[in-house]
Amino acid sequence: MTRWILGTVAATALLTGAAIAKTDVTIGLQLEPPHLDPTSAAAGAIDQVLYSNVFEGLMRFASDGSVINGLAEEWDISEDGKTYTFKLHGGVKFHDGTDLDSADVKFSLDRARAEDSVNAQKALFANIARVEAVDPLTVKVTLTAPQGNFLFNMAWGDAVIVAPESIDDIKIKPIGTGAFKFDDWKQGDSITLVKNASYWGDAAKLDKATFKFISEPTAAFGAMMAEDVDAFYSYPAPENLAQFEADPRFTVLAGNTEGETILAMNNKQAPFDNKLVREAVSHAIDRQAIIDGAMFGYGTPIGSHFAPHNPAYIDLTGNSDYDPEKAKALLAEAGMADGFKTTLKLPPPSYARRGGEIIAAQLRAVGIETEISNLEWAQWLEQAFRGKDFGLTIVSHTEPMDIGIYARPDYYFQYDNADLQKLMADFDVEADGAKRTEMLQQAQTIISEDYVNAYLFQLALTTVVNAKLQGIWADAPTQAIDLTAVSWSE
């Protein structure tokens with residue numbers, strides 16, 4: 001009897017043309033997060049899975065890069081620009097059933113700015129003087145000085161709100177307030193999220209989302225073609241994109257990222273502590289050859305650490321045009337006419353591995369020999385980012401408008417310039433839009449003319465999706481695969 005009833009239902013669906021819309025999705029990713037705490041690591045893969053889906057902040061980034069309210073329903077800024085009073089949405093619960101209140105916000109911000117904080121973007125919170133829980137739904141943040149980009153800072157994944165009760169297990173069992181709850185992590189394979197039925201805002205349209213980790217480009221191609229995954233975010237083999245574009249089963253989204261892809265140089269390690277050597281490296285690099293050879297033409301050349309789609313961008317590529325003879329002359333001027341040897345440590349993404357081989361050949365042509373090390377992401381974070389144990393490395397900085405990292409002498413490439421540090425400190429408290437633009441352009445010029453790093457290209461975002469899947473962001477204003485509005489068409 002049961003079989004007959006089920007068969008009748010299925011037959012009716014076929015006769016009427018009705019279809020049961022899918023409520024789950026599988027997203028392919030090349031990189032697996034090292035852990036699941038976005039407030040204590042620089043790995044973008046953490047935010048890609050968890051930002052907005054599981055964890056939320058006072059503010060958040062929208063798909064167009066604008067900053068909109070998150071857990072903060074509204075806010076008030078004092079006349080002197082130093083005090084922000086946030087009113088939280090009521091009825092918000094963490095995934096463990098506990099209520100979100102102002103004490104959780106105070107805990108999160110105090111933890112992020114504490115002396116022993118391991119937050120990868122601790123500088124975002126450096127201007128906070130104190131955080132006060134005024135009442136259960138009101139929190140007051142007092143700054144040491146006005147800060148024009150404070151709300152912007154509060155939208156970063158590093159500024160999400162966490163609860164003290166769940167902090168001990170956050171790296172393996174993240175508990176947030178978002179539209180999805182963490183369900184399972186099969187390390188080396190996948191992370192599964194499920195719909196949060198008690199979400200305070202607009203409910204997710206999906207019941208389940210699985211992030212599948214596929215590191216090899218050939219395997220990524222096979223998984224998409226077999227429809228084992230419904231979308232592959234930042235597809236790692238651009239040579240296949242034309243084939244996907246010609247296949248009606250798929251849509252290729254070609255958008256922008258905030259990812260400045262750079263050949264980073266360790267400014268405190270000889271010989272990169274010599275500006276002449278850094279300039280020589282910059283002139284030895286043929287950006288377009290890297291874009292064509294590693295990215296199959298996807299990417300925009302850059303001459304400083306700034307996104308070309310930002311209104312404050314200026315084109316400084318001419319400061320480091322491809323000129324191998326000039327590179328050799330600069331090395332000779334630096335007393336290194338015979339060249340030198342150094343390390344080139346490469347994280348897993350295709351832009352780094354493929355681009356690294358091309359760059360190594362370009363450097364070899366001017367006398368610079370590199371010892372290439374292909375590192376897993378956790379190794380790269382330990383050796384290069386935290387340990388500063390590298391000569392050269394390639395990485396794409398996908399954080400939004402992050403030129404301020406050059407004002408941090410302890411940052412992994414260890415650039416120390418007092419003039420730039422003062423400029424960025426003044427920028428933080430400047431409210432006038434025209435002056436802020438001028439200051440950003442000054443900062444771009446300083447680091448370009450000081451050849452801090454070799455600036456390669458702005459990383460394009462090419463995502464392959466099932467043609468029936470709607471709502472995947474084409475652009476990446478932050479490191480996120482926001483699934484809160486993703487759904488299937490019938």
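Keep in mind that what you see is a predicted model, and the values were worked out from it rather than measured.
By the 30° and 60° cut-offs, the orientation of the rings of His397 relative to His305 is perpendicular. Between Tyr406 and Tyr455, the ring-plane angle classifies as tilted under the 30° and 60° cut-offs. Ring geometry for Tyr411 versus Phe413: interplanar angle over 60°, hence perpendicular rather than tilted (30 to 60°).
Using a cut-off of 4.0 Å between Lys/Arg side-chain N and Asp/Glu carboxylate O, Asp450 and Arg278 are scored as salt-bridged. A salt bridge links Glu369 to Arg364: at least one charged side-chain nitrogen sits closer than 4.0 Å to a carboxylate oxygen. Using a 4.0 Å cut-off between a side-chain N of Lys or Arg and a carboxylate O of Asp or Glu, Lys171 and Asp169 do not qualify as a salt bridge.
By the neighbour-count criterion of 12 heavy atoms within 6.0 Å, atom CD of Gln470 is densely surrounded, having more than that number from other residues, nucleotides or ligands.
Here Trp185 pairs with nothing under the ring-ring contact (aromatic ring centres under 6.0 Å, His included) rule; sequence neighbours left out. Taking Asp389 as the reference, Lys345 meet the side-chain contact (heavy atoms from CB on, under 4.5 Å) condition, with sequence neighbours excluded. Residues forming a ring-ring contact (aromatic ring centres under 6.0 Å, His included) with Phe272 (at least two apart in sequence, or on another chain): Phe340. The ring-ring contact (aromatic ring centres under 6.0 Å, His included) test applied to Tyr51 returns no partner, not counting sequence neighbours. For Glu382, the side-chain contact (heavy atoms from CB on, under 4.5 Å) partners are Arg386, not counting sequence neighbours. For Arg353, the side-chain contact (heavy atoms from CB on, under 4.5 Å) criterion is met by Leu346, Pro348, Asn374, Glu376, not counting sequence neighbours.
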Q | side-chain contact (heavy atoms from CB on, under 4.5 Å) between Leu50 and Phe211, intermediate numbers included | A | CA-CA 10 Å; Leu50 301 177; Phe211 293 88; over 6 Å; no

Exercise for the section: Walk me through it: do Leu344 and Thr342 pass the test side-chain contact (heavy atoms from CB on, under 4.5 Å)? Expected result: CA-CA 7 Å; Leu344 177 57; Thr342 188; over 6 Å; no

Check: Could you walk me through whether Asp230 and Ile27 pass the side-chain contact (heavy atoms from CB on, under 4.5 Å) check?
Finding: CA-CA 6 Å; Asp230 302 307; Ile27 307 291; 5.5 Å; no

* Step by step, work out the side-chain contact (heavy atoms from CB on, under 4.5 Å) result for Ile291 and Phe457. => CA-CA 7 Å; Ile291 293 170; Phe457 58 88; 3.7 Å; yes

Report, one line per pair, each donor and acceptor closer than 3.5 Å where one atom sits in a side chain of residues 472-486; sequence neighbours left out.
from, atom 1, to, atom 2, distance (Å)
Asp475, OD1, Asn256, N, 2.7
Gln479, OE1, Thr398, OG1, 2.4
Asp482, OD1, Thr484, N, 2.9
Asp482, OD1, Thr484, OG1, 2.5
Asp482, OD2, Ser52, OG, 3.3
Asp482, OD2, Arg60, NH2, 2.3

Listing, residues 214-225 side-chain donor-acceptor contacts under 3.5 Å, not counting sequence neighbours, or none:
none

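Minimum interatomic distance between Ala443 and Leu423 (heavy atoms only, all atoms of both residues): N-CD2, 3.6 Å. Leu151 and Val67 get closest at one heavy-atom pair: O-CG1, 3.8 Å.
Within the structure, every pair that satisfies the salt bridge (Lys or Arg N to Asp or Glu O under 4.0 Å) test and touches residues 187-212, not counting sequence neighbours, is listed here: Asp189-Lys212. Every pair passing side chain to side chain donor-acceptor pair (under 3.5 Å) that includes a residue from residues 241-250 is listed here, sequence neighbours excluded: Glu227-Arg249, Asp247-Arg249. For residues 309-320, the set of pairs meeting the salt bridge (Lys or Arg N to Asp or Glu O under 4.0 Å) definition, not counting sequence neighbours, is empty. The stretch residues 31-45 participates, sequence neighbours left out, in these salt bridge (Lys or Arg N to Asp or Glu O under 4.0 Å) pairs: Asp37-Arg111.
With Leu193 as the fixed residue, the side-chain contact (heavy atoms from CB on, under 4.5 Å) test singles out one of Asp183, Thr210, Val54: Val54. Of the candidates Glu279, Arg287, His283, Arg287 is the only one forming a side-chain hydrogen bond (donor to acceptor under 3.5 Å, both in side chains) with Ser320.
Side-chain N or O atoms of Ser304 include one that pairs as donor or acceptor with a backbone N or O of Gln444 at under 3.5 Å. In terms of modelled atom types and a separation under 3.5 Å, the side chain of Asn149 and the main chain of Phe152 share no donor-acceptor contact. The backbone N or O of Asn267 sits nowhere less than 3.5 Å from a side-chain atom of Asp273 that would complete a donor-acceptor pair. Panel note: side chain Asp292, backbone Ile290; no donor-acceptor pair is recorded below 3.5 Å.
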